[in-house]
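The residues of the chain are indexed from 1 along the displayed sequence. This one's a predicted model, so the numbers in the text were calculated from it and none came from an experiment.
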Amino acid sequence: MKFKKTYSYALWSAIYLTLLSVIVATISYFFIVKHLGIGAVIISIIVLFLISFFIIQYRAEHFIYRRLKKIYEEVSILDVKDLRRDSVTTDIEKLSKRMQKFVEGKRMEIKSLTERDSFRRDFLGNVAHELKTPLFTVQGYILTLLEGAGNDKEIRKKYLERANKGVERLVAVTKDLDMIAKLETDGLKINSEVFNILELIQNVFDLFEMKAKKRNITLKFDRVYEFPVFVKGDIEKIEQVLINLIVNSIKYGKPNGTTVVAIDNYNENKFVIRVVDNGEGIKTTHLPRLFERFYRVDQSRSREQGGSGLGLSIVKHIVEAHNQTIFLKSVFGEGSEFSFTMKKAK
């Protein structure tokens, strides 16, 4: 029969102690009691206790060491060289902590994989939906033209213009998908340089002046800045941030409204750039998810205005790649404020 490991340990410990006791009893009887008296017997008992204590301690450490060594050899995260025979009792505590850390890490890894798998399914579904709509639109117009509508110049021009809008939508989605993929896989390389943020904002205003005029929206600064405001960052990436925020304020702002950009001190090392509109605002329930990929507050309005649904997600990635922070404040019916910090140039 095979004994349990603990039984084997107890058996051999008992054998050793029994042999020791027999030897001590024999010596006591033939030598100590006859020649040295009862005091020597008491001393012998104390000696027996001490010897028994050290035997049990040695046996316990030897037993634990062998078990731990096997665990260290079988568990890949543990190095058997870290196991010290002279302190296995403390190594048990260390092992317990390492195992707890290992289990916690695996639990977080499983949770992360589950979330990523869920995101992957949602992401693929959203991509398919975003691409399907303009593709079917373009296909519909082209088929109509092929079936004979192309003979009418007016209809042909109108349908080709609409098909072109669908293609532009596809291009925008593809570009944003390419950018978000690079941001999340290779990471974003930041080419930091010192530049005047006021000049950059004015360039973006000029770029979208006609788009804003179509909706009678005024693009302006909150005040007259007498001196340049120098910041440090990737000028092209920050321009993309400003473009996305200002275009959103034009798309979802109220006609005859305003988009105001302000630059204020955030602390001694940072500025905060605020993009404020007096548009329709965003309900509180939507705010936590607004920077998610493809998340849209109003599906019908978003389709009408176009865009990929990735703009704010890209903004968040770029700002965080600069080790800065983005903020959002909005009151439904009154307007929204998107702001982000930038490092001051020394």
Side-chain angles (χ1 to χ4, degrees), residues 4-6 63-85 87-133 173-190 234 237 240-241 244 282-297 299 302 307-328 330 338 340-341:
K4 287 175 63 176
K5 298 293 184 183
T6 51
F63 175 79
I64 294 170
Y65 174 79
R66 288 170 60 193
R67 302 283 80 76
L68 286 180
K69 186 177 180 182
K70 189 173 181 181
I71 293 172
Y72 270 72
E73 288 172 347
E74 292 179 354
V75 179
S76 60
I77 64 165
L78 302 174
D79 187 354
V80 73
K81 294 179 182 177
D82 294 337
L83 182 63
R84 294 178 300 158
R85 183 165 186 152
S87 58
V88 290
T89 51
T90 56
D91 282 328
I92 289 177
E93 184 179 352
K94 186 190 297 182
L95 174 65
S96 177
K97 289 180 179 178
R98 287 188 180 183
M99 288 306 244
Q100 287 176 0
K101 186 177 180 181
F102 176 74
V103 170
E104 180 64 19
K106 289 299 180 184
R107 188 184 68 81
M108 295 299 295
E109 186 178 336
I110 291 169
K111 183 181 178 182
S112 175
L113 288 172
T114 303
E115 290 176 350
R116 287 170 69 177
D117 184 59
S118 176
F119 162 73
R120 181 184 59 81
R121 290 195 300 268
D122 292 343
F123 183 77
L124 289 174
N126 285 326
V127 169
H129 184 72
E130 292 296 327
L131 295 176
K132 180 177 67 177
T133 303
V173 172
T174 305
K175 282 183 178 178
D176 286 349
L177 282 172
D178 181 58
M179 179 175 287
I180 205 84
K182 288 178 180 176
L183 292 175
E184 294 185 347
T185 53
D186 302 331
L188 189 62
K189 294 180 181 178
I190 300 299
D234 190 316
K237 303 296 189 303
Q240 184 66 54
V241 169
N244 287 3
I282 304 163
K283 292 181 180 178
T284 307
T285 53
H286 296 296
L287 296 181
R289 299 189 59 192
L290 206 63
F291 291 99
E292 291 182 13
R293 305 157 194 82
F294 298 113
Y295 186 78
R296 298 179 185 273
V297 174
Q299 294 287 342
S302 298
S308 65
L310 293 167
L312 289 179
S313 182
I314 290 171
V315 165
K316 187 171 184 289
H317 274 290
I318 293 174
V319 172
E320 290 180 349
H322 281 77
N323 295 318
Q324 302 300 319
T325 311
I326 188 162
F327 307 98
L328 166 60
S330 186
F338 290 85
F340 61 96
T341 58

Working to the nearest 0.5 Å, report the span between CG of Leu290 and CD1 of Ile282.
-> 4.5 Å
If you measure from NZ on Lys316 to CD1 on Ile326, what distance do you get to the nearest 0.5 Å?
-> 8.5 Å
So how far is it from Ser330 OG to Lys283 NZ, rounded to the nearest 0.5 Å?
-> 12.0 Å
So CD1 of Ile190 and NE2 of His322: to nearest 0.5 Å the spacing works out to 4.0 Å
Contacts of type side chain to side chain contact (heavy atoms under 4.5 Å, CB included), residue Asn244, not counting sequence neighbours = Gln240, Ile314, Val315
d(Phe340 CZ, Thr325 OG1) to nearest 0.5 Å is 11.5 Å
